[in-house]
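In what follows, a structure is listed as structure tokens, so that the remarks can point back to it.
The first residue of the sequence shown is numbered 1, and numbering continues consecutively from there. Read the numbers this way: they start at 1 and go in the same order the structure lists the ligands and their atoms.
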Amino acid sequence: MTSKLEPYRVPNTDAVYYIADFISTEEEAFLVHKINESPLPKWKQLSHRRRAVLHLRFMTAKRVLIPEAMPSFVDKYPDIVGRIRDTGAFGSSPHGGPNHILMNEYLPGQGIMPHEDGSAYYPVVATLSLGSHAMFHYYRYKESLSELSAEDNADAGRAIDMQPVLSVLLEPRSLVVTTSSLYTNHLHGIDGVIEDILPPPNGDSRELPSVRIANAHMLTCQDERHATSHGGSLTRGTRYSLTCRDVEKIAGGLPFGKR
Ligand SMILES: O=C(O)CCC(=O)C(=O)O
Ligand SMILES: [Fe+2]
């Protein structure tokens, strides 16, 4: 990854970068307003939450991108796409920056099951959080078949080790960049809870989930800093995430080329 991102590298990994205050509170308020204004057909109701393929640029069922103009609230004011491009996160990707953005809405209590983002994208995702924090966990698969229980085998999927390999607290207005092995052979997810409980760092955490926040020292919001340094709980509000990726194949064979 580029040297520009290096100061934002989350300790204990070489694959995740955390940038607090990637946008201002004014920009956040503007974006949330724009998101809520976006026409309803753009929203898709998933089983647990709404996702708007604010498709900025559209992807077909065959996972090929059809060029479409992005709404101005992601590439003019605020110029999220340009700012992400400037971080160098997509410096080696086919189009040098994100060309596709999926937007998720999470009400308190809603989350996203551990999953992989898949191979249609270049293996970098930059996620902007708006409105509320989220506790974001990365998971690995269990290694060998012998570790699989009969139940796991019946499921025919690979068993997931539910002890996260890395947990980061995503503050509102922050950008988290996931790259390389944490993109390609790990999973990620957010628990569907109404509050995140953080144990006191050196206290007795036997009765509490032992979550170690890898980016605790990088946080800038008062409540998040307090909860991670002293223990406590953080109540979820409505959160929007803009997940920005580079779709490798573009319909019509017209390469975008780097801007
Ligand atoms: O909301 C987030 O931060 C994660 C969303 C996600 O993993 C996805 O859309 O693939
Ligand atoms: Fe994802």
Side-chain angles (χ1 to χ4, degrees), residues 10 15-20 22-23 28 31-32 35 38 42-59 63 65 74 80 84 89-90 98-141 157-158 160 164-194 196 211 213-215 218-219 221 224 234 236-248:
V10 172
V16 179
Y17 301 84
Y18 180 80
I19 308 179
F22 190 70
I23 59 168
E28 179 189 32
L31 274 166
V32 170
I35 288 166
S38 98
K42 295 251 185 193
W43 291 97
K44 188 175 167 196
Q45 187 66 46
L46 305 179
S47 54
H48 295 302
R49 75 202 140 83
R50 289 197 304 169
R51 166 178 265 189
V53 193
L54 238 204
H55 280 207
L56 310 179
R57 295 189 183 174
F58 184 71
M59 205 159 69
R63 315 214 106 204
L65 196 76
V74 293
I80 295 165
I84 292 175
F90 289 87
N99 58 12
H100 182 265
I101 304 183
L102 279 176
M103 190 175 72
N104 298 288
E105 179 192 58
Y106 302 87
L107 303 178
Q110 296 181 329
I112 187 165
M113 299 277 286
H115 65 279
E116 288 186 68
D117 284 356
S119 58
Y121 308 108
Y122 181 78
V124 169
V125 55
T127 303
L128 182 67
S129 293
L130 306 171
S132 176
H133 78 280
M135 184 86 83
F136 197 77
H137 301 296
Y138 295 90
Y139 301 95
R140 66 176 187 102
Y141 288 102
R158 290 171 72 193
I160 300 166
V165 291
L166 188 79
S167 300
V168 288
L169 185 56
L170 307 182
E171 295 170 298
R173 302 176 294 285
S174 70
L175 189 81
V176 64
V177 179
T178 303
T179 70
S180 50
S181 70
L182 282 185
Y183 186 101
T184 51
N185 53 35
H186 287 74
L187 307 99
H188 54 270
I190 298 170
D191 293 340
V193 295
I194 55 168
D196 291 291
V211 175
I213 306 295
N215 63 333
M218 304 168 110
L219 302 174
C221 296
E224 279 78 353
L234 289 169
R236 297 257 186 98
T238 299
R239 172 174 176 265
Y240 298 95
S241 68
L242 298 186
T243 58
C244 309
R245 305 184 179 86
D246 187 356
V247 178
E248 309 213 51

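- Here C244 contributes atom SG and L102 contributes atom CG; the two are 9.5 Å apart, rounded to the nearest 0.5 Å.
- Counting only heavy atoms from C-beta outward, the side chains of R173 and I23 approach each other to under 4.5 Å.
- To the nearest 0.5 angstrom, S180 atom OG is 9.0 Å from N185 atom CG.
- Around the Fe ion (ligand 2), the protein atoms of type N, O or S that sit closer than 2.8 Å are H115 NE2, D117 OD1, H188 NE2.
- Note that the OH atom of Y122 and the CG atom of D246 stand 8.5 Å from one another [nearest 0.5 Å].
- Separation of atoms CD1 (I19) and CG (N215) is listed at 12.0 Å; rounding is to 0.5 Å.
- Using a 4.5 Å heavy-atom threshold, the side chains of L175 and Y17 count as separate.
- The shortest distance between side-chain heavy atoms of P164 and Y139 falls below 4.5 Å.
- Closer than 4.0 angstrom to ligand 1 sit non-hydrogen atoms from R51, N104, Y106, I112, H115, D117, T127, F136, H188, I190, R239, S241, T243, R245.
- Shown are H115, H137, E116; of these, the side-chain hydrogen bond (donor to acceptor under 3.5 Å, both in side chains) with H188 is made only by H115.
- No side-chain heavy atom of Y18 sits under 4.5 Å from any side-chain heavy atom of L169.
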